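What you see is a predicted model, and the numbers here were worked out from it, not measured in a lab. Start at 1 with the first residue, then count along the sequence.
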Amino acid sequence: MLLFTENALKETERLHSAGYQVSIREDMNARWIEAIGKIDGAMLLDQYGKLYMVGVILDGEIPAKGVNTSRGARYNSAVKYSYSHKKEKHLLVVISEDGYFDVINYNWLL
């Protein structure tokens, strides 16, 4: 799962115990990116694609319409986070193990 947000730095501070902060080095390559992509949880990025955290467990409230539990934990976690941050500019990309992907922003789910 990828979380793009203008508030990446603020979210890094708020969620510091819910994931792993990263430092990008010039010698990191596609193999490194593939490896971190296998870590459970979300990758937290800013709107320009700068990576701040990996393995982030997203929090959030259940929307008034509820969530579709048949969609799985990643999808529902993204919907809850998006609902709770609907006043902030953000976008979530959820890639399921079965190969499907969803782009989520609560304002688009209405």
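- Looking only at side-chain heavy atoms (C-beta outward), Pro63 and Val79 come within less than 4.5 Å of each other.
- Residue Met1 is tested with Ile95, Val94, Leu44, Asp102 for a side chain to side chain contact (heavy atoms under 4.5 Å, CB included); the sole match is Val94.
- Figure legend: cation-pi geometry between Lys80 and Tyr83 absent, as NZ or CZ is not positioned both under 6.0 Å from the six-membered ring centre and within 45° of its axis.
- Atom CD of residue Glu6 and atom OH of residue Tyr48 lie 7.5 Å apart, to the nearest 0.5 angstrom.
- By the 6.0 Å contact criterion, CG on Leu9 is enclosed, its count of non-hydrogen atoms from other residues, nucleotides or ligands being greater than 12.
- Met43 and Ile39 end up in the same hydrophobic cluster when Ile, Leu, Val, Met, Phe, Trp and Tyr side chains are linked at under 4.5 Å.
- For Ser84 against Gly60, the heavy-atom pair with the smallest separation is OG-CA, 3.2 Å.
- Looking at every heavy atom in both residues, Phe4 comes nearest to Gly49 through CE2-CA, 4.3 Å.
- One hydrophobic cluster holds both Leu91 and Phe101 under the rule that ILVMFWY side chains link at heavy-atom gaps under 4.5 Å.
- Salt bridge status for Arg14 with Glu11: present, with a side-chain N to carboxylate O gap under 4.0 Å.
- Residues Leu3 and Leu58 are in side-chain contact: their nearest non-hydrogen atoms beyond the backbone lie under 4.5 Å apart.
- Here the closest heavy-atom approach between residue Glu13 and residue His16 is recorded as O-ND1, 2.9 Å.
- Tested against Thr5 for a side chain to side chain contact (heavy atoms under 4.5 Å, CB included), the candidates Gln47, Lys89, His90 yield a single pass: His90.
- Atom-to-atom distance recorded for Tyr75:OH and Ile104:CD1 is 5.0 Å, nearest 0.5 angstrom.
- To the nearest 0.5 Å, the span separating CG on Asn105 from CG on Leu92 amounts to 8.0 Å.
- For the atom pair Tyr81 OH and Asp59 CG, the distance stands at 7.5 Å (nearest 0.5 Å).
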